[in-house]
Each structure stands twice: as C-alpha cells, then as structure tokens.
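Have a look at the structure below before the remarks.
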Amino acid sequence: MAHGGVGSVRRSIFWYEVEGTKGTFNWSAPDHVIGEAASHGMSVLPALYGTPRYAGKTPATPPLGSDAARNEWRDFLQRAVQRYGPGGDYWTDPALYATQYPGAQPLPIHYWQIWNEPNLPSGFQPRPSAKRYAKLLRISHDAILGQDPGAKIVLAGMPGLSEIRGWRFLNRIYEIKGMKRYFDVVAVNPYSRDIRGFTLSIRRMRKTMKGHRDGSIPLWITEIGWGSAHPDGGLNVGLKGQKRLLKEAFGVARHNRKQWHLGRLYWFEWRDPAAKTAPSGCPWCGHAGLFRHNRKPKPAWQAYKQFAR
C-alpha cells in the first residue's frame, strides 16, 4: 500500500467484534490494521458500525432502542477514542505500538466515521431513517468529542443512486434543526455503472450542501469501485473495464477536486476476499479488489499507482 502511494486506509471497526460479550473487549483486529498502517505512514479512517446482539436485533440495527443500548454505544466510542486518539493507550502504552513497531511514528486518529450507508435498508434496519440517524450522530458526536475535543466527525458514506437517493437523505439530515454542528465532513459512496452516474452523485451531494449553506466543509468519497469479474450489466465490468473506470473516475475527481471540495477518495477494495467469505447479496463485491485473493495484482492496480503517486 505504502509503495503504491496509499495515504489513508478506511477500515470498519465493528462493535460486535470488539465487544461481542458485554464488558469484554478485544481490540486485536483494529490494533493490527491501525498499527500496520501507521508504521508505514498511512492514517486510518475508522467506520464505527455493527451492533452486538445485546444492543440490537442485527448488526445494522442502530443502538437506539433503549437507554442501555445508547449508553453501551457511548462507552464503545469513548473507549475507541481513548485507545486510538491523540495520547491514546495504543500509542502510549510501551507494551503496544512501541513494542510492535519499534521506532515507528504514532499516527493517532482524528477523524471518525459514524456508521455506513444509512440510506440503504441493509445498512440501517429495520428501515432507513434520517431522523434516527441524526439521533445516532448526535450521541456519537458528543461521546467522541467528550474524549477528544479536537476530533472530527465524518458522516456515514451514502450511496448516491440507491432507492433513497444519497442527496435526499442528506437533505433530510440538514432539515433537522441544528444538525450542521454535529459533523465536519460529508461522505458519499457514488457507485454507478458508468462515470455519468458517478459524477451525478457527487454533484447532487455538493449541491445539497451548498443549498444548506454548508458548502465550505469537505466532501469525501469513502467508497468507489467496480468488480473485475465478467461484465454482468451491473458493477462487474471485467479486468479491463475495472482499470478503465478507475482511471476515468479518479481523473474526474482530480479535475473537479477544488470545485467539489473533495478531501479524500477511497477505493473499495484492496484485495478480493476468499470466495467463501464474499457477500452473497453483492455479486461484484468479491471482485472489487485491486489484487486477487492470491495477492496477484490486477491491471487496475497499475492505474491506481499512477494516480496516487
């Protein structure tokens, strides 16, 4: 990653993995990713997500159903900031980062993304709701800034062309009085079969931000990608198509970077998962990597490196 010019890695920190049993914490998975990235000079954007069973019916159910669930979520967020934020335990405890990566410079986390794709039924259950997401956002903002007043909050990445358009969901968030103060970055996942749809999603998100007099804050692309499997009329476009669309999308983003006030762009994803672990409801997700599962690079990796460098 570092050799190819990657500057930041977006990684979900699943609450149900860290605290699957209430009160018992296992930070080994995020420790590994955050430590490896930092030791090679790359920051990490954590997407905080995934409700354990004791706090919600499914991982995509936000922890809003009771005072106990909300308090457990606050505690999880506070512990994450205490561990990975400025002066956090992971960086200062001699037995952790300093031992694992001797001489490496710490890279504390300053930006925290709250949830993922809340305008999709699969991402926010039992159904998408801007009002409920705003409630989750307020709770999360206060918990995180209570530990690190300098922290920045990133909205969940919203697919633009989903049934509930990303910009319409964003507009509903803005329409809730006072919500602008609870986030610092808007995020979009502008998935589309073609570059026209990619561009449309970004433009409509930016237009919505400006319409609510919030055009000065950055917009991040927190997921974009295409699958390299045989073209299927959707997001699988073949090896050559994946490379071509990456070049076109990144080129459009670079050309309009100032106009759209784009801060970051994350490709989904780094490496194809093992066939047995690929999401069953997403036929292209198992082929979106810049590398095959056996770590063999695809043509898109060369295009990515040229852009990143």
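Between Phe198 and Trp226, the ring-plane angle classifies as tilted under the 30° and 60° cut-offs.
Defined by atom type and a distance below 3.5 Å, a donor-acceptor pair is present between the side-chain atoms of Asn189 and Glu117. Asn171 and Arg204 are not linked by any side-chain donor-acceptor pair at a separation below 3.5 angstrom, with hydrogens and angles left out of the test.
When all heavy atoms of Gly41 and Leu107 are compared, the closest pair comes out as C-CD1, 3.7 Å. Scanning both residues, Ala69 and Ala55, for their nearest heavy atoms gives CB-O, 3.7 Å. Closest approach of Pro190 and Ile221 over heavy atoms only: CD-CG2, 3.6 Å. For the residue pair Ala187 and Val154, the shortest heavy atom distance occurs at CB-CG1, 4.1 Å.
Of the possible donor and acceptor atoms, one in the side chain of Ser201 sits under 3.5 Å from a partner among the backbone N and O of Gly197. In terms of modelled atom types and a separation under 3.5 Å, the side chain of Arg309 and the main chain of His3 share a donor-acceptor contact. With hydrogens and angles disregarded, a donor-acceptor distance shorter than 3.5 Å links the side chain of Ser192 to the backbone of Asp194. With hydrogens and angles ignored, the 3.5 Å screen pairs no side-chain donor or acceptor of Asn116 with any backbone N or O of Ala47. Using modelled atom types, one side-chain atom of Ser129 and one backbone atom of Arg132 make a donor-acceptor pair closer than 3.5 Å. Side-chain N or O atoms of Arg257 include none that pairs as donor or acceptor with a backbone N or O of Ala253 at under 3.5 Å. Side-chain atoms of Ser228 come within 3.5 Å of backbone N or O of His287 as a donor-acceptor pair. With Asn119 contributing its side chain and Ile164 its backbone, the two residues share a donor-acceptor pair below 3.5 Å. Judged purely by atom type and a 3.5 angstrom limit, Asn256 has no side-chain atom pairing as donor or acceptor with the backbone of Gln259. Although no hydrogens or angles enter the test, the distance criterion places no donor-acceptor pair under 3.5 Å between the side chain of Asn236 and the main chain of Pro231.
Side-chain contact between Leu246 and Leu290 is present, with heavy atoms from C-beta onward closer than 4.5 Å. With contacts defined as side-chain heavy-atom distances shorter than 4.5 Å, the pair Met179/Leu137 qualifies. Contact annotation: the side chain of Met42 never approaches that of Glu36 to less than 4.5 Å [non-hydrogen atoms, C-beta and beyond]. The shortest side-chain heavy-atom distance between Leu77 and Trp15 does not fall under the 4.5 Å cut-off. When side chains are defined from C-beta on, Ile217 does not count as touching Val185, because their heavy atoms never get closer than 4.5 Å. Looking only at side-chain heavy atoms (C-beta outward), Arg138 and Ile176 come within less than 4.5 Å of each other. Residues Met209 and Arg206 have side chains in contact (heavy-atom distance under 4.5 Å, counting atoms from C-beta outward). Looking at Pro121 and Arg127, their side chains never come closer than 4.5 Å, going by heavy atoms from C-beta outward.
Side-chain heavy atoms closer than 4.5 Å link hydrophobic residues (I, L, V, M, F, W, Y) into clusters, and following such links, possibly through other members, connects Tyr49 to Ile13. Clustering ILVMFWY residues whenever any of their side-chain heavy atoms sit less than 4.5 angstrom apart, transitively, puts Leu235 in the very cluster that holds Trp267. Side-chain heavy atoms closer than 4.5 Å link hydrophobic residues (I, L, V, M, F, W, Y) into clusters, and following such links, even through other members, never connects Trp220 to Phe268. Two different hydrophobic clusters hold Val33 and Phe76 under the rule that ILVMFWY side chains link at heavy-atom gaps under 4.5 Å. The same ILVMFWY cluster, assembled from side-chain heavy atoms under 4.5 Å apart, contains both Met205 and Leu155.
Checked against Asp272 for a salt bridge (Lys or Arg N to Asp or Glu O under 4.0 Å), the options Arg295, Lys296, Lys298 give a single hit: Lys298. For the ring-ring contact (aromatic ring centres under 6.0 Å, His included) test with Phe183, the passing option among Tyr111, Tyr133, Tyr174 is Tyr174; the others fail.
Sorted by first then second residue, the side-chain hydrogen bond (donor to acceptor under 3.5 Å, both in side chains) pairs that include residues 78-92, not counting sequence neighbours, are Asp31-Arg83, Asp31-Tyr84, Asp75-Arg79, Gln82-Gln147, Tyr90-Gln100. Here side-chain hydrogen bond (donor to acceptor under 3.5 Å, both in side chains) pairs that include residues 59-73, with residues two or more places apart or in two chains, are Thr58-Thr61, Asp67-Arg70, Asn71-Arg74, Trp73-Ser140. Sequence neighbours left out, the pairs with a member in residues 220-282 that pass disulfide bond (SG atoms under 2.5 Å apart) are Cys282-Cys285.
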(message) Show, in sequence, the C-alpha distance, side-chain angles and deciding distance for Tyr182 and Ile153, and conclude whether the side-chain contact (heavy atoms from CB on, under 4.5 Å) test is met.
(response) CA-CA 7 Å; Tyr182 290 102; Ile153 303 300; over 6 Å; no
(request) Assess whether side-chain contact (heavy atoms from CB on, under 4.5 Å) is satisfied between Trp115 and Thr51, documenting all intermediate values. (result) CA-CA 10 Å; Trp115 219 254; Thr51 305; 3.3 Å; yes
(request) Walk me through it: do Glu223 and Tyr266 pass the test side-chain hydrogen bond (donor to acceptor under 3.5 Å, both in side chains)? (result) CA-CA 5 Å; Glu223 289 184 28; Tyr266 291 90; over 6 Å; no
(request) Verify side-chain contact (heavy atoms from CB on, under 4.5 Å) between Leu48 and Gln113, making sure each step is shown before the conclusion. (result) CA-CA 6 Å; Leu48 303 160; Gln113 188 170 36; over 6 Å; no
(message) Checking Thr208 against Asp214 for the side-chain contact (heavy atoms from CB on, under 4.5 Å) test, could you report, in this order, the C-alpha distance in whole Å, the side-chain angles of both residues, the deciding distance, and whether it holds?
(response) CA-CA 9 Å; Thr208 300; Asp214 210 19; over 6 Å; no
(request) Show your working on side-chain hydrogen bond (donor to acceptor under 3.5 Å, both in side chains) between Tyr97 and Gln105 and close with a plain yes or no. (result) CA-CA 9 Å; Tyr97 184 72; Gln105 185 72 21; over 6 Å; no
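Trp270 has its ring centre less than 6.0 Å from the ring centre of Phe291.
The distance from atom CZ of Arg10 to atom CG of Leu45, rounded to the nearest 0.5 Å, is 6.5 Å. In this structure, Met158 CE and Thr222 OG1 are separated by 8.5 Å, a value rounded to the nearest 0.5 Å. With rounding to the nearest 0.5 Å, the separation of CD in Glu163 from CZ in Phe169 is 13.0 Å.
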